[in-house]
Amino acid sequence: MFLALEERLRTAVAAHIKQRYNVDIPVVIELPRQQEFGELATPVSFALAKELKQAPRQIAMELVGKLTDIPGIASIELAGGGFLNVRLERGAYAQSLRAGESYAADRTPKKIIIEHTNINPNKAAHIGHLRNAVLGDTLVRMMRALGENVEAQNYIDNTGVQVADVVAAFHHLEKMTAAKVVELVDNPDVRFDYYCWDLYARISQHYQNEPDALAWRAETLHAIEADQGDLAEIGRIVAGAVVHCHMDTMYRLNVEYDLLPRESEILHMQFWSAAFEMLKERKAIYLEDKGKLKGCWVMPSDLFQETKQKDAEEEEESKFEESKVIVRSNGTVTYVGKDIAYTLWKFGLLEGRDFHYKQFRSYPSGRVAWYSVPDASDPQTPRFGKGDAVFNVIDTRQSYLQDVVKAGLQCLGFKKVAENFVHFSYEMVALTPRCCAELGIELSEEDRRRPYVEVSGRKGLGVKADDLLDMLIASALQEVSSRHEQLPYDERKKIATQIAVGALRYFMLRFTRTTVIAFDFQEALSFEGETGPYVQYATVRARNILRKFEATGESMPDFDAELTPAVLASQLENEDFWQLMLSASRLHWVVQRSINAAEPAQLARYAFQVAQTFNNFYHQHHILKEEDPERKVFLLWMTQFFLKELTAVLDVMGIEAPRVM
RNA sequence: GGGCGCGUAGCUCAGUUGGAUAGAGCAUCGGCCUUCUAAGCCGAGGGUCGCAGGUUCGAGUCCUGCCGCGCCUACCA
């Protein structure tokens, strides 16, 4: 609703400017800094002043006189040096909200592929992976809220170095056969992903101490690629079991997937050979015949890096900018090469190549996660891939590689496609030195002086996702139990879990993508202030009002009959009421803005602000004690409206609204 | 060396594609529970927006230079 009004205003102003001044300038619509200024504002007169060489205030005055009769808008006023402040028709606005007019996309949905999570299936998920999954899943939900057709993919690198290292560790350090590893997976007393976490740290340490052991890695990688023997078998077991662990962990956080494409199938279906032919044909890569990259197929660096002009001397010195190897001299393809092939598939550009699919698991929501298999697709398989746009949620450290992939698309002549290939990057989650101390991790003198230390799977340095979630649940459960002793344990546990997930998802979302999260237990475990539970608590308060009202024996009024446009208009003269309703009605507008800005943190911030507005309102107006019957009916409807809207906001963030708290 | 990013209150962070008086949370101090749940509300103190120039009606935001910090710059992924 708000989104539609903003759009209407923008169009009207732009049309008028075009007609009267014959100027095409972008009309910026913003929220006024202070609410007394109205609901919307535009500084367009300033931009126009520059264009027309006239005083902004003069232009603004002319505009005010002409911009009348825009439906839904009560007035436009001149303010300051030339701002146009816009006030909405409160009654009409409320009327449309009450009638349940909601956002409806008036365009055909686009197919959007969002890849996120992508954890190497060789160890438990940690807090860094959580940021990825929460950002990715929230992006998925935001796009769906705007009506897009979204496919959530979680890419499984089950044939890479990381899996190989753990496989080698099982074989060489643990002396386990494939059968023994299966026993371990089936042992209910062992958390397999945690076991692998420790094992991975162990073998990484072992490689450091005895570099000769690195031969194990090569041997294992070879076995996995050839898909033969006990090592390959262990590889399948490890990757398969750990993926299940990750899926369980993510499901605890309300994260669901549509498709798990696996690297083994990208190899098996020979996506690469098709991509290789395309790249060679388009001369995007060439066979290096000299220097240290002799024998490799490489992509020249100028294709994916913008470099300044340099004189010969500098060129001589520059040993850092080199071509990117796509195919190694031994003929094997690098990760980037595979990713180019996979990206081509995502856009439906790998003709004649597709995965085969089977069901991986189904969720209680009804969604089914599929995964790629080497042969024999399930006949029920939906259509995967062929995206209009692709978002890769990958941390910023991989920007370089994502640039190479994008350059690959451009070189192949897919310019438009490359524009719709988005690296949705974000900064890492690091540990504060204090956090390391709490975990009992010894740091070097140098690291202790840093603001934060990078999480490292190789070093086993990190906070596991499930551990953090367990801590949050335990903490929330204590609080819930102290407040609701009489509730059955299962119920309390369920609420505690909702609160824990709310706290965790909100924590991961409230930072903008470019901010390094220096993880701190105290901050992450907080349920007060700008947190998920604060927002959840506001919904519980609203729910309590409605519940208490019904407990008095009164039945809910017939809002349709009682809340006439005149009643709405008169009640909304109260500024508090108007601000709350306005604030709660902006979800789609905020989602659209968050997507435009590529910044889910804006949505989190909005949720907090709406909750804050409600809490303020809650303290000032006692609804159940309201004596004016008309006002009481109105406030009950407002409460209901607020509850519905804030619940919807939380849902876009993947956070549930608990029944009680 | 080059690329990307960051630097805003004691701490952690926002700052709406250049706009109106720079905002939150935490922490500190002071109020508010016989009230629809205090996981809350109200109030106070706290700022050279890293530094120096520039662009303009207007700069925390854009440009240049410098300082500090982080990441990337593999025939690993």
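Order of the sequence lines sets the chain letters (A, B, ...), proteins ahead of strands, with each chain counted from 1.
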For this session: Give a yes or no on this: more than 12 heavy atoms of other residues, nucleotides or ligands lie within 6.0 Å of atom CD of A/E446.
Result: no

Problem set entry | Side chain A/E599, main chain A/R513, donor-acceptor under 3.5 Å | yes

Exercise. For the side chain of A/T334 and the backbone of A/I326, is there at least one donor-acceptor N/O pair under 3.5 Å apart?
Worked result: yes

For this session: Could you measure between the two C1' atoms, the one in B/rC36 and the one in B/rG31, and give it in whole Å?
Result: 22 Å

For this session: Using a heavy-atom cut-off of under 4.0 Å over every strand shown, decide if A/V480 touches base, sugar-phosphate, or nothing.
Result: base

Problem set entry | Donor-acceptor contact present, side-chain A/T639 to main-chain A/L635, <3.5 Å | yes

Exercise. If you look at every strand shown and take non-hydrogen atoms under 4.0 Å, does A/V540 touch a base, only sugar-phosphate, or nothing?
Worked result: base

Exercise. Taking only residues two or more places apart in sequence, or in another chain, which ones meet A/E263 in a side chain to side chain donor-acceptor pair (under 3.5 Å)?
Worked result: A/Y155, A/T159, A/K338

Problem set entry | Residue whose closest nucleotide on RNA chain B lies nearer the 5' end, A/H621 versus A/L293 | A/H621

Exercise. Looking at B/rA24, B/rA77, B/rC71, which one has an atom nearest to any side-chain atom of A/R605?
Worked result: B/rA24

For this session: For A/E479, answer base if it contacts any base atom (sugar-phosphate contacts may also be present), sugar-phosphate if it contacts only those atoms, and nothing otherwise; contact means non-hydrogen atoms under 4.0 Å.
Result: base

For this session: Mind listing the closest non-hydrogen atom pair of A/A168 and A/Y207 along with its distance?
Result: CB-OH, 4.1 Å

Exercise. In whole angstroms, how far is the C1' atom of B/rU21 from the CD atom of A/E36?
Worked result: 11 Å

For this session: Among B/rG19, B/rA77, B/rG70, find the nucleotide with the atom closest to the side chain of A/F83.
Result: B/rG19

For this session: Starting at atom CE of A/M428, determine the distance to atom C1' of B/rC69, rounded to an integer number of angstrom.
Result: 11 Å

For this session: Take the angle between the ring planes of A/F507 and A/F519 and call it parallel below 30°, perpendicular above 60°, tilted in between.
Result: perpendicular

Exercise. Under the 3.5 angstrom rule, does the side chain of A/S585 hit a backbone N or O of A/L582 as a donor-acceptor pair?
Worked result: yes

For this session: Identify whether any heavy atom of A/Q609 sits under 4.0 Å from a base atom; if not, whether one sits that close to sugar-phosphate; answer base, sugar-phosphate or nothing.
Result: nothing

Problem set entry | Sugar-phosphate only, base, or nothing, as touched by A/R483 at under 4.0 Å among non-hydrogen atoms | base

Problem set entry | Shortest side-chain distance from A/E530, nucleotide among B/rG19, B/rG70, B/rA24 | B/rA24

Exercise. When you match A/Q620 and A/S399 each to their closest nucleotide on RNA chain B, which lands nearer the 5' end?
Worked result: A/S399

Problem set entry | Spacing between A/E599 atom CD and B/rC6 atom P, to the nearest angstrom | 11 Å

Exercise. Between A/H116 and A/F424, does the ring centre distance come in under 6.0 Å?
Worked result: no

Exercise. Looking for any heavy atom pair under 4.0 Å, which part of the strands does A/L546 touch: base, sugar-phosphate only, or nothing?
Worked result: nothing

Seminar exercise, completed: Closest to the side chain of A/L401, out of B/rC75, B/rG40, B/rA77, is B/rA77

For this session: Could you work out the separation of B/rU64 and B/rC4 based on their P atoms and round it to a whole Å?
Result: 11 Å

Exercise. Quantified in whole Å, what is the C1' atom distance between nucleotide B/rU12 and nucleotide B/rG46?
Worked result: 16 Å

Problem set entry | Pair partner, B/rC62 [Watson-Crick or wobble, under 3.5 Å] | B/rG54

For this session: Report the nucleotide, chosen from B/rC41, B/rC72, B/rA20, that has the shortest atom-to-atom distance to any side-chain atom of A/N616.
Result: B/rC41

For this session: Strictly below 4.0 Å, heavy-atom distances to any atom of RNA chain B: list the hits from residues 507-520 of chain A, or just say none.
Result: A/F511, A/T512, A/T514, A/T515, A/V516

Exercise. On a whole-Å scale, what distance lies between the C1' atoms belonging to B/rU28 and B/rG45?
Worked result: 9 Å

Problem set entry | Whole angstrom value for the distance that separates C1' of B/rA39 from CG of A/L472 | 14 Å

Exercise. Counting any heavy atom closer than 4.0 Å, what does A/D165 reach on the DNA or RNA strands: base, sugar-phosphate only, or nothing?
Worked result: nothing

Exercise. Does the B/rA77 base have a donor-acceptor partner in the side chain of A/N122 within less than 3.5 Å?
Worked result: no

Exercise. Is a donor-acceptor pair below 3.5 Å formed from side chain A/T396 to base B/rC4, judging by atom type as modelled?
Worked result: no

Exercise. Hey, does A/R397 reach any base, or is it just sugar-phosphate, or nothing, if we go heavy atoms under 4.0 Å?
Worked result: sugar-phosphate

Exercise. How many Å lie between CZ on A/F608 and P on B/rA39, as a whole number?
Worked result: 15 Å

Exercise. How far does the C1' atom of B/rG68 sit from the matching atom of B/rG54, given to the nearest Å?
Worked result: 23 Å

Problem set entry | Distance in Å, A/H588 NE2 paired with A/E6 CD, rounded so as to fall on 0.5 Å steps | 14.5 Å

Exercise. Can A/H622 be called stacked on B/rU35 when the rule is centres closer than 5.5 Å and an angle between planes below 30°?
Worked result: no

Exercise. What is the nucleic acid contact for A/N544, judged by heavy atoms within less than 4.0 Å: base, sugar-phosphate only, or nothing?
Worked result: base

Exercise. Separation of A/E427 atom CD from B/rC13 atom P, in whole Å?
Worked result: 12 Å

Exercise. Would you say A/E77 has more than 12 foreign heavy atoms packed within less than 6.0 Å of its CD?
Worked result: yes

Exercise. If you look at every strand shown and take non-hydrogen atoms under 4.0 Å, does A/V660 touch a base, only sugar-phosphate, or nothing?
Worked result: base

For this session: May I ask you to verify if any side-chain N or O of A/Y534 is less than 4.0 angstrom from the OP1 or OP2 atom of B/rC41?
Result: yes

Problem set entry | Atom CD of A/E485: over 12 foreign heavy atoms under 6.0 Å | no

Exercise. Only one of A/V44, A/L5, A/I29 clears side chain to side chain contact (heavy atoms under 4.5 Å, CB included) with A/R10; which?
Worked result: A/I29

Problem set entry | Touch class at under 4.0 angstrom, heavy-atom based, for A/Q612 against every strand present | sugar-phosphate

Seminar exercise, completed: Of the listed B/rA20, B/rC75, B/rA77, the closest approach to the A/A79 side chain comes from B/rA20

Exercise. Contact class for A/D395 (heavy atom, under 4.0 Å): base, sugar-phosphate, or nothing?
Worked result: nothing

Exercise. With sugar-phosphate meaning primed atoms plus P, OP1 and OP2, does A/H423 contact a base, only sugar-phosphate, or nothing at under 4.0 Å between heavy atoms?
Worked result: nothing

For this session: Indicate, with a heavy-atom threshold strictly under 4.0 Å, whether A/Y537 touches base, sugar-phosphate, or nothing.
Result: base

Exercise. To the nearest Å, how far apart are A/Y400 OH and B/rC4 P?
Worked result: 15 Å

Exercise. Tell me, which of residues 37-48 of chain A have any heavy atom that sits under 4.0 Å from an atom in RNA chain B?
Worked result: A/F37, A/A41, A/P43, A/F46

For this session: Using the P atom on both, measure B/rG25 against B/rU21 and round to a whole Å.
Result: 23 Å

For this session: Check whether more than 12 heavy atoms from other residues, nucleotides or ligands sit under 6.0 Å from atom CD of A/Q579, and answer yes or no.
Result: yes

Problem set entry | A/K548 side-chain N/O to B/rU37 phosphate OP1/OP2 under 4.0 Å | yes

